[in-house]
There are 2 protein chains.
Amino acid sequence: MAELKRIQTPAELDDIDRILLAQLQADARMTNSRLAQAAGIAESTCVVRVRSLVSRGIITRFTADVNPKALGLGLQALISVNIRPGARTQIPAFREEIRVMPRVVQVFFLGGAEDFIIHLLAEDSDDVRDFVVENLSANPAVASTRTSMVFEHHYNGPGVG
Amino acid sequence: MAELKRIQTPAELDDIDRILLAQLQADARMTNSRLAQAAGIAESTCVVRVRSLVSRGIITRFTADVNPKALGLGLQALISVNIRPGARTQIPAFREEIRVMPRVVQVFFLGGAEDFIIHLLAEDSDDVRDFVVENLSANPAVASTRTSMVFEHHYNGPGVG
DNA sequence: GATGAAAGCGCTCGCCG
DNA sequence: CGGCGAGCGCTTTCATC
């Protein structure tokens, strides 16, 4: 029986691809020449391979990690949300709404006790409460929320290993 | 009464800093010259300002976002962990341990019903179970865990706005 | 702190082994 | 895929304001 085609390719990465990914994860602004050197390939080859990683959707973007505290957002919260059983059809619309709300760093859509979890940045606790009241509790589709304060957050990113 | 000094500075960002942050968040591999152009400043100034953003800890790193599916990690889980009341002193050691475990994308340390939440990448559900059994349940400090499957995950990053 | 000019270096591209 | 070379664009430093 033939293998099913997946929408998102499982991806074929050789050792050099893995080196490139690891290097670029550690420093996305590394020059192409140093990258090539680290991978042990020619610069011309390196350009092609990096472009290939991007076009194959393996690298989704190059980004700068910004310290939230530097933006005056010293508080973080995790907010669990449950949707009313009768309002489950509204989940797709709701999730798009939430995703683009300011200070929403990330959103998890879950199977399990909670329907989703929102990771929020805030200046202070009033800020968190305002978010919950205005953006969540006010929505008739929302059955309940539960807010936990985040004392510490570590983001590693997907390890290439 | 004088303001208390904070370890992490609340940061002073002008409009140009905000443009640089937004641009670099969107594309960390953007050239300095185009960055300068976008911000309306001289290239030489731009280099200095970007370096300053990094040295002030406002930009913590430049990184490449890698698609987990491309690495063959098509499954994601969120694992809530509670520590035994008697083992709370071991939390600092435990959290370091967890943070560097393979496939742990991020860890939240919480105040509230759960002690922390682990965001895990996995190949399949066996993989998730193995992680929980070997790395969590086996640890005497762990009182209980609860695993939720992640159907969808959106990461925005801290918005500069 | 910002600027422009100039020197040096890095990047890209096509072509060929 | 790697190497080479030409051409161009980019980065960095420094004197200057």
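Chain A is the first sequence line, chain B the second, and so forth, proteins listed ahead of strands; every chain is numbered from 1. Model, not experiment: these values are computed from the prediction.
- Between Leu35(B) atom CG and dC10(D) atom P there is a gap of 12 Å when expressed in whole angstrom units.
- Of the listed nucleotides (dC10(D), dT11(D), dT3(C)), dC10(D) has the atom at the smallest distance from the side chain of Arg34(B).
- Put simply, Arg49(A) has a side-chain N or O that comes within less than 4.0 Å of OP1 or OP2 on dC1(D).
- Seen from the ring of Phe116(A), Arg95(A) does not count as a face-on cation partner, given the 6.0 Å and 45° thresholds.
- Between Ile41(B) atom CD1 and dT3(C) atom C1' there is a gap of 11 Å when expressed in whole angstrom units.
- The distance between atom CD of Glu43(B) and atom C1' of dG9(D), rounded to the nearest whole Å, is 9 Å.
- For Ser44(A) and dG2(D), a side-chain-to-base donor-acceptor distance below 3.5 Å is absent, hydrogens and geometry of angles not being considered.
- Across all strands, Thr45(A) comes closer than 4.0 Å to base atoms (heavy-atom distances).
- Crowding of Arg34(A) atom CZ: a count of heavy atoms from other residues, nucleotides or ligands under 6.0 Å not exceeding 12.
- Looking at heavy atoms from C-beta onward, Glu114(A) lies out of side-chain contact with Phe108(A) at the 4.5 angstrom threshold.
- Asn32(A) has its CG atom 5 Å from the P atom of dC11(C), to the nearest Å.
- In this structure, Arg29(A) atom CZ and dT12(D) atom C1' are separated by 14 Å, rounded to whole Å.
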Yes or no on salt bridge (Lys or Arg N to Asp or Glu O under 4.0 Å) for Arg29(A) and Asp27(B), after CA distance, side-chain angles and deciding distance?
CA-CA 10 Å; Arg29(A) 277 183 81 75; Asp27(B) 179 13; over 6 Å; no
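- Atom pair Arg56(B):CZ and dG1(C):P shows a separation of 9 Å (rounding to whole Å applied).
- Among the atoms of the strands shown, only primed sugar atoms or phosphate atoms (P, OP1, OP2) are found under 4.0 Å from some heavy atom of Val47(A).
- Distance, Gln37(B) CD to dG4(C) P: 14 Å, rounded to whole Å.
- Met30(B) places its CE atom 12 Å from the P atom of dC10(D), with the value rounded to the nearest Å.
- Remark: aromatic rings of Tyr155(A) and His119(B) are distant, center separation not under 6.0 Å.
- In this structure, Thr31(B) does not reach the dG9(D) phosphate: none of its side-chain N or O atoms is under 4.0 Å from OP1 or OP2.
- Contact between the side-chain N/O atoms of Arg51(B) and the OP1/OP2 oxygens of dT11(D) is not found at any separation under 4.0 Å.
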